[in-house]
Amino acid sequence: MMKYQEELDLAVEAARAAGTLLRDAFHREKAVLSNEGRDIKLQADRDAEAVILKKFADIPHDILAEESGEHGEPNDENLFWVVDPLDGTMNFSRGIPLCCVAIALTRGDKPVLGVIYDFMAEECFTGVVDEGAWLNGHPMQVSGVTEASHGILCSGFPINFTYDETNLHAYVARLRRFRKVRLLGTAALSLAYVACGRVDAYVEDDIMLWDIAAGVALVQAAGGYVLVEDSPTVKWARRVYGASNGSVWKP
């Protein structure tokens, strides 16, 4: 049996259960809990997270969840679940079908496995580091692109991003080496697309760990290059680079 098979099966089950709830809610009126600045919180986020946490009672690792925070003591010493019940909440709120459930098992910033479920497209991306990665059960791997000038980069603007001229110039300088740039509005799905070879790189600063943990696991499991660094902004914020290989993206 593959290492962490039980945990992977449970994560898939939890992601699909949450995804079913979210898909049913997608075309209905959304209950908004808060809508401040550049962030929005929906009741659907909390409902989906509750479904996932109930499933995780069967394998009770510590948990870091976007909506309810830390359960236990998630840290670099122990395995813990990282849960984003709805990545791409703004897209979801506006009826844009680019959103997903993202679940990872990780030790600090070192991922063990990742599951990303695009419930609108019914695509389930799964991966176990050093074991392999799959899309709806079929093997997947990063693209063979080795030059940024031939590649597609996904990126985004996290909630904590400051839109001053200096930051915007630095951001554009990073992107201009690539052939095309895509902003999907979901970090998790962007990394899943790197893992399956649809795009070739992803970069974002000050993104929260729950947004990228599952995707980082997928990219590594699919043979890609990943660098995750602590961000100085807030706890659990990260600076992440993911690519088909190190020559495509070198920070």
Side-chain angles (χ1 to χ4, degrees), residues 1-23 48-66 70-72 74-88 99-142 186-198 202 209-226 228 238 240 242:
M1 178 182 286
M2 181 175 62
K3 193 175 183 181
Y4 299 111
Q5 183 69 61
E6 185 179 7
E7 286 88 347
L8 180 65
D9 291 344
L10 179 61
V12 169
E13 180 183 341
R16 287 189 176 277
T20 297
L21 180 153
L22 293 167
R23 186 170 58 248
E49 184 172 290
V51 168
I52 295 168
L53 297 187
K54 185 176 181 180
K55 294 283 186 184
F56 281 175
D58 294 339
I59 303 181
H61 293 301
D62 293 336
I63 299 170
L64 173 64
E66 179 183 16
E70 299 177 18
H71 301 247
N75 55 54
D76 290 346
E77 303 301 321
N78 62 321
L79 285 171
F80 61 95
W81 296 109
V82 182
V83 177
D84 190 343
L86 175 56
D87 192 51
C99 39
C100 61
V101 181
I103 299 172
L105 185 64
T106 187
R107 192 186 306 274
D109 288 336
K110 296 180 180 178
V112 170
L113 64 84
V115 173
I116 293 176
Y117 181 42
D118 180 345
F119 48 87
M120 296 307 295
E122 295 194 32
E123 291 187 327
C124 189
F125 303 83
T126 60
V128 178
V129 177
D130 297 327
E131 297 279 357
W134 303 270
L135 171 52
N136 287 346
H138 300 287
M140 68 178 185
Q141 62 184 23
V142 295
T186 157
L189 208 53
S190 297
L191 282 162
Y193 283 9
V194 174
C196 73
R198 291 175 182 168
Y202 165 81
L209 183 61
W210 47 77
D211 294 311
I212 55 96
V216 165
L218 291 179
V219 173
Q220 289 191 340
Y225 163 88
V226 175
V228 178
R238 298 293 185 266
V240 59

Show me the donor-acceptor pairs within less than 3.5 Å that the side chains of residues 114-127 make with the rest of the protein, sequence neighbours left out.
{"unit_1": "Y117", "atom_1": "OH", "unit_2": "R23", "atom_2": "NH1", "d": "3.3"}
{"unit_1": "D118", "atom_1": "OD1", "unit_2": "M120", "atom_2": "N", "d": "3.3"}
{"unit_1": "D118", "atom_1": "OD1", "unit_2": "A121", "atom_2": "N", "d": "3.1"}
{"unit_1": "E123", "atom_1": "OE1", "unit_2": "R198", "atom_2": "NH1", "d": "3.0"}
{"unit_1": "E123", "atom_1": "OE1", "unit_2": "R198", "atom_2": "NH2", "d": "3.4"}
{"unit_1": "E123", "atom_1": "OE2", "unit_2": "R198", "atom_2": "NH2", "d": "2.7"}

* How many angstroms lie between atom CZ of R238 and atom CH2 of W210, to the nearest 0.5 angstrom? -> 9.5 Å
* Atom of M2, atom of L8 and distance for their closest heavy-atom approach -> CE-CD2, 3.5 Å
Would you give me the side-chain donor-acceptor pairs under 3.5 Å for residues 99-108, sequence neighbours excluded?
{"unit_1": "T106", "atom_1": "OG1", "unit_2": "G108", "atom_2": "O", "d": "2.9"}
{"unit_1": "T106", "atom_1": "OG1", "unit_2": "K110", "atom_2": "O", "d": "3.0"}
{"unit_1": "R107", "atom_1": "NH1", "unit_2": "E77", "atom_2": "O", "d": "3.0"}

* To do: Answer whether the closest heavy-atom distance between the side chains of L53 and E49 falls below 4.5 Å.
  => yes
* Residue pair Y202 / A187: nearest heavy atoms and the distance that separates them -> OH-CB, 3.2 Å
* Less than 4.0 Å between a side-chain N and a carboxylate O, is that true for K3 and E131? -> no
* For the residue pair F80 and I63, what are the closest heavy atoms and their distance? -> CB-N, 4.3 Å
* Hey, what do you get for CD (Q5) to CG (L113), rounding to the nearest 0.5 Å? -> 10.0 Å
* Asked: At their closest point, which heavy atom of V142 faces which heavy atom of V219, and how far apart are they?
  -> CG1-O, 4.3 Å
* To do: Using the test side-chain hydrogen bond (donor to acceptor under 3.5 Å, both in side chains), find all partners of E7 that sit at least two apart in sequence or belong to another chain.
  => none
* Indicate yes or no: at least one non-hydrogen side-chain atom of I59 is less than 4.5 angstrom from one of E6. => yes
* **Over all atoms of both residues, closest heavy-atom pair of A48 and A18** => O-CB, 3.8 Å
* To do: Report the residues that fulfil side-chain hydrogen bond (donor to acceptor under 3.5 Å, both in side chains) with D87, sequence neighbours left out, ordered by chain and then residue number.
  => T186
* Asked: Got V112 and V129 here, is their nearest side-chain heavy-atom distance under 4.5 Å?
  -> no
* Asked: What are the two closest non-hydrogen atoms of V51 and A17, and how far apart are they?
  -> CG1-CB, 3.6 Å
* Would a 4.5 Å heavy-atom cut-off, applied to side chains only, mark V83 and L64 as touching? -> no
* **Rounded distance [0.5 Å steps], CG in L209 versus CG in D211** => 8.5 Å
* Asked: Side chains of L218 and M140: closer than 4.5 Å at any heavy-atom pair?
  -> yes
* Structure fact -> With sequence neighbours left out, the residues meeting ring-ring contact (aromatic ring centres under 6.0 Å, His included) with W81 are F56, H61
* Partners meeting salt bridge (Lys or Arg N to Asp or Glu O under 4.0 Å) with E66 (sequence neighbours left out) -> K41
